Each structure stands twice: as structure tokens, then as C-alpha cells.
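A short worksheet on the structure shown next.
A, B, ... follow the sequence lines: proteins, then strands. Residue 1 opens every chain. Given the structure is predicted, the values throughout are model-derived calculations rather than measurements.
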There are 2 protein chains.
Amino acid sequence: MTTDDDGIIVDLAAIEAAAERLQGIARQTPLLESAALNELAGTRLLVKAEPLQLTGSFKFRGAYNCISQLDDDQRKRGVIAFSSGNHAQGVAAAARLLGTSAVIVMPDDAPAVKLAGTRAWGAEIIGYDRSDHDARETIAAEVSEARGLTMIRPFDDPRIIAGQGTLGRELMAQAEAVGVAPDFVLTPAGGGGLMSGVATAVKALAPDCTLVTAEPEGFDDTARSLAAGERQAVREGAESMCDALLAPQPGLLTFGYLRRLVSFGTVVSDGEAADAMRAVFQHLKLVVEPGGATAIAAVLSGKLDHGGKPVVAVASGGNVDPGLFARILNGEI
Amino acid sequence: MTTDDDGIIVDLAAIEAAAERLQGIARQTPLLESAALNELAGTRLLVKAEPLQLTGSFKFRGAYNCISQLDDDQRKRGVIAFSSGNHAQGVAAAARLLGTSAVIVMPDDAPAVKLAGTRAWGAEIIGYDRSDHDARETIAAEVSEARGLTMIRPFDDPRIIAGQGTLGRELMAQAEAVGVAPDFVLTPAGGGGLMSGVATAVKALAPDCTLVTAEPEGFDDTARSLAAGERQAVREGAESMCDALLAPQPGLLTFGYLRRLVSFGTVVSDGEAADAMRAVFQHLKLVVEPGGATAIAAVLSGKLDHGGKPVVAVASGGNVDPGLFARILNGEI
């Protein structure tokens, strides 16, 4: 690892070290392609199928990389995290596999599939009211303090960023194996942990590749932050079905990566995310959750001006409740 | 290849030759596993995720292996096939990729996603009324004769069986890579082409492994044929949502393989297939069609007495209409 003026300490070597730790534990998820989807996209569109990852999202990569580096005393006491659901499951699974315990602070209205998944990995869940913005960090800090638990942050931690970066390294190798050097790599963005890691890997391997984030309308803090050159917050009172991407603003640490490495952000409506979910259901047979579909949606909706050049879009998670998925399949959203 | 008294000519060498032809063309679909699904199964259950195959089902393997062996004159004239939809898409895609043309005879009530998929690969579709049992073979034979097209049979052809066998060879290598020597391998069964190929590969590599077919209620011709030691037909007037598995009886050629290599057949209800589709949606984020879910359903419903030993179940396809999938997610089936 190296450090620079931004305090950034994740580089390709750190990501390779994370990949070593994840070897044989995390899945190498496939890079999927379909002729019909390419036609809809107007270019060659490769989809990194991360819903097939353990716990149904990329979050397992960072969580495992982080928890595996705790010392014996920390592991004995256990870990704590706050999350709307994907980081929750990633931390719960990593904790279980590494022989420690996890407490997760989750909003009461998190998707049932995410609550059930977190519980199934043996984590203790503490609920909170999502409308009380500060509640989760306050609760998590108090419980962490009282019980001596190590906080596993959702994105602002170099070990998390390096873990998510393994996805970027992996997709570049998989694209190369099918003869594609992508001109664009897109990922969904909430707090920015996924893109920070992915962009670090991709730019190290292909400096000319353009990195682009995708967010839901109303939660376009990353796109506006990139345009402004400084961190902006989400819009007051915004709502979206993309429950995984509702972080209030880019992280302090992650924005250092995004600002340096990412060209711009795209923004899609819930309807465009639903269109992408239906297209991926039909043409790739993959279940993608709303937030996880935003990068694909940015391509299919024409928000990305790709000029016919090959694109990799990351489908970052697939934890969606069956009732919502059914409504989307029926065209109700 | 070798022949024996049954006229069987597919062996592991033929399957390896097919794998060579498919190299870099067909996808190596992942073998998925989930802790929650294992818990439901009461044992270690590995799912071969063939919905992620090109055209959304295993049928592409056999079709490509077959059409790639046609001579120049045959390829110039084109091919014809009859199919309820998965073989249709497999043949259409293989024909397109190999530079020939395809005519497909399909029932008018085939799932829309299968009709659209077949059309998208550039095939010409001729419809027929499914209730007229002999219609499809008659039409296909007439058109084949009139236009000089080569018939690509859905299962009773050694080139098709060898192609499907690549799936069995692949899943055994993938299971070994994660340290599993399966005691049972299950596949759905319609005409028996998939299991003929898979059983040939699996028995060559692991002679003690038990092969088991899975069928929907009313279409249990394979289970009854195996029990009787001779081919039996489906029950009159039976109905099932498993549209891929409605072949009237095991093939003449395929039953030679099944009789020698498969221990017995299991039978599941449409409701049990729907349960399996929901479980795979939730825990593996994979879209599986009704017929494609029967092998998983046989495990999850307790129809297979696995004794806690590891099982591989093949999810053979994912071409299901969104409206039906939504009804299943909503628990209406």
C-alpha cells in the first residue's frame, strides 16, 4: 500500500492482497452477455453478475477483507455495523465464516429478504426508524462502546475499499478473456465504496477507461459532487425504490478516490431501473435489485453516450423482495 | 466413439470432443450454493445454473455440437427443428453462429419469451396447435422434405446427447474444485437427452454416483419407464406448467442410456416446482423456469432420500414469462 496527499492508501497491490484473502471464499461471479441485451444497449454490454456473490451482493468482498484483518482480541469480542441490508448480510456472513459474532443496526423498513438474510447468517439485529437520520450511527456507536465491538464501516475504510476493488480486477480479467477492452465501466453508487475500489483497479489496469457512477433520481449526490468537485448531500425528502443507494452523501475517504478516478455520474429514474431489471430477467435470467440495476439502466436508457464502444456495467446486488419484483415484472413500476 | 448392443455411441470421449467444439462458444455456467438453501435441502445442494447458458437453457450445447458437424451442403440449405421453445432457441442461436439458417416448428401457445428468443436469433417460426399431437412432426417432416432442410432432433441424436453431456462433465469438474464428490446428480427429464449425456459423463467419472431424473406430475413417463424397464407414455389429458418437459415419452435412443445409467425417477407437483423457483430466486438470485426447477424441487420437497449426502441438481433453463414468474413470486401457484 502507498499513501498520498488525499490520505488514499488503496492501490492495485492492496486489491491483490484482498483477492488473496478472498480466494476460495468469495465467488468469482460471471461476466454475462446477451445478443438481445447488446441490441437494446446499442453496443456490447457486459454485465458483472454480482447478485450471484455470497450474500447476494458485492458487500461480502469488503466485509470479509476487513474482518479477516482484525486481531484475535477484536474477533473474540465481535463486530458491529449499520446498513440498510447488503452490507449487513456481507458483515454477518464474513463474521460467521471467520468465527466471530456480528450485531447489525438496520432500518425497520429494510427489505424482508435483507432482514432474513442477515438473520440467517446468525447476526443479532437492532432496528431503528429510518426517518431519524442520525439514529443508526448513534445506536451503533453506543452499542459498540458498551460491548467493545469493532465497527465495520460500510465504505469509508481502506480494507472495505480494497475488498470491493477485487470486483474491478476480476471484471477486467474476465473482459480480457472474451477479447473485450471496455471503454466504460459503470457501477451503482451509494457511499462510493464499490466505485472507489473498482476505479482503483480499472485505472491501474486500463488508464484510458472511463469510470462512471449510476444513481437514482433524488439521490444523485455523487453525480453532483463530481460536477462540483466537492461533496454534496442528497436532496431533502427524496424517495426511491433503490434502497441500497440512499446514503446521504459520498464518504470522506471514498470521495477522494471518486474525484480523482471517476469522470462523471449518471442518474436514472425508478422506472428506468425497473426497465433494466426486466431486461436482465428476460435476457440474462438474473435477479437484480433496484439499486443494483442502476448502472445497467444508465446504459439501456441512453444516459451514457457510449458511442458504440464496449461497456461493462456492474449489477451490484440481487436482494429484492418477491412482491416488489413481481410488481416490476407486471410493469406496475 | 464406441457402439454397443443398444446402439449407444456416446461415451466420455465423444463428450470431450463436443466440449472442444463448444470451447469459447458455450458458457461454463457456475455451480452455485447457498447456506440457506442447504438448510432447506437438509444437505449440501449444489445447483448447476444453466439458465445462464446462451439462449437460457442447456439446449444450446447439443444444438451447436450437432449443427457444427453438418457438411457444407447441409449448412448451405439450412436446418429445421420442432420444439416447445428451448431446443428452438438453441437451434436458432447455433444456426446463426454457424452461418446457416433455421426453421422452427413451435406450438402456438409456447411461452412468449421462448417465441421472442427464437425470433431474435433470426429463425423462421412455423406455428401449430399443441393439441394436435402429431402435427409438429408431420409439419417438420413436410417442410424438411420440401426445402431440403436437415432435421435437428431434440434428443434422439448422439450429437445432441454428446453436447448435453458437456454439462455433466463440467459440473463434475466444478464440484471437485470445491471439494465435493456428489452422491447424487439430478436433472429434469423431458425426452431424456440431457440426462443421457449427463449420466454418461458422470458415470464415467464417478461410477458410484446415483443418477436421478425429475419430472412433473402427469408427465412421469421417465420414472415409470425406468421402473418398468421399458418405455411408457405420459398420462392422457395431463397438464403442467412445466412446458419444457411435456415430451410424450422417453426417446428410443435416450431410453437406452437412461435404462443403463439412471437409478430411478422422481416426480414433483407444479406447486413443488413453484416452491423451488421461489427458493432459487431468494437464495441464488437465479431465474429458473418451471420445468428447469424440477430437479431442485425433488430435493427441497424431500422426494429424494439423500441421507445427508451431497447432491448436484441441474437447473436446466430459465425461459419463463414474466407474468407467470410474478404469479409464482406472489404465491399464486
inquiry  = Out of Val113(B), Asn330(B), Leu54(B), Asn319(B), return the one with the most heavy atom pairs under 4.5 angstrom to chain A.
reply    =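 That would be Asn319(B).
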ask   = In terms of heavy-atom pairs under 4.5 Å with chain A, which of Leu32(B), Val178(B), Val288(B) leads?
value =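 Looking at each of Leu32(B), Val178(B), Val288(B) in turn, Leu32(B) comes out on top.
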task = Give, as side chain, backbone, both or neither, the part of Arg27(B) having an atom under 4.5 angstrom from any heavy atom of chain A.
result =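 Contact with chain A: side chain only.
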message = Using heavy-atom distances under 4.5 Å, tell me whether Glu33(B) contacts chain A through its side chain, its backbone, both, or neither.
response =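 Contact with chain A involves both backbone and side-chain atoms of Glu33(B).
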Of Val180(B), Val314(B), Val311(B), the residue whose pairing with Leu46(B) passes side chain to side chain contact (heavy atoms under 4.5 Å, CB included) =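 Among Val180(B), Val314(B), Val311(B), the one meeting side chain to side chain contact (heavy atoms under 4.5 Å, CB included) with Leu46(B) is Val180(B).
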Side-chain donor/acceptor of [X] to backbone N/O of [Y], under 3.5 Å:
| X | Y | value |
| --- | --- | --- |
| His87(A) | Gly62(A) | no |
| Lys48(A) | Thr29(A) | yes |
| Glu272(A) | Ser269(A) | yes |
| Arg75(B) | Ser68(B) | yes |

request  = Select one option (side chain, backbone, both, neither) describing which atoms of Pro51(A) are under 4.5 Å from chain B's heavy atoms.
outcome  =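 For Pro51(A), backbone and side chain are both near chain B.
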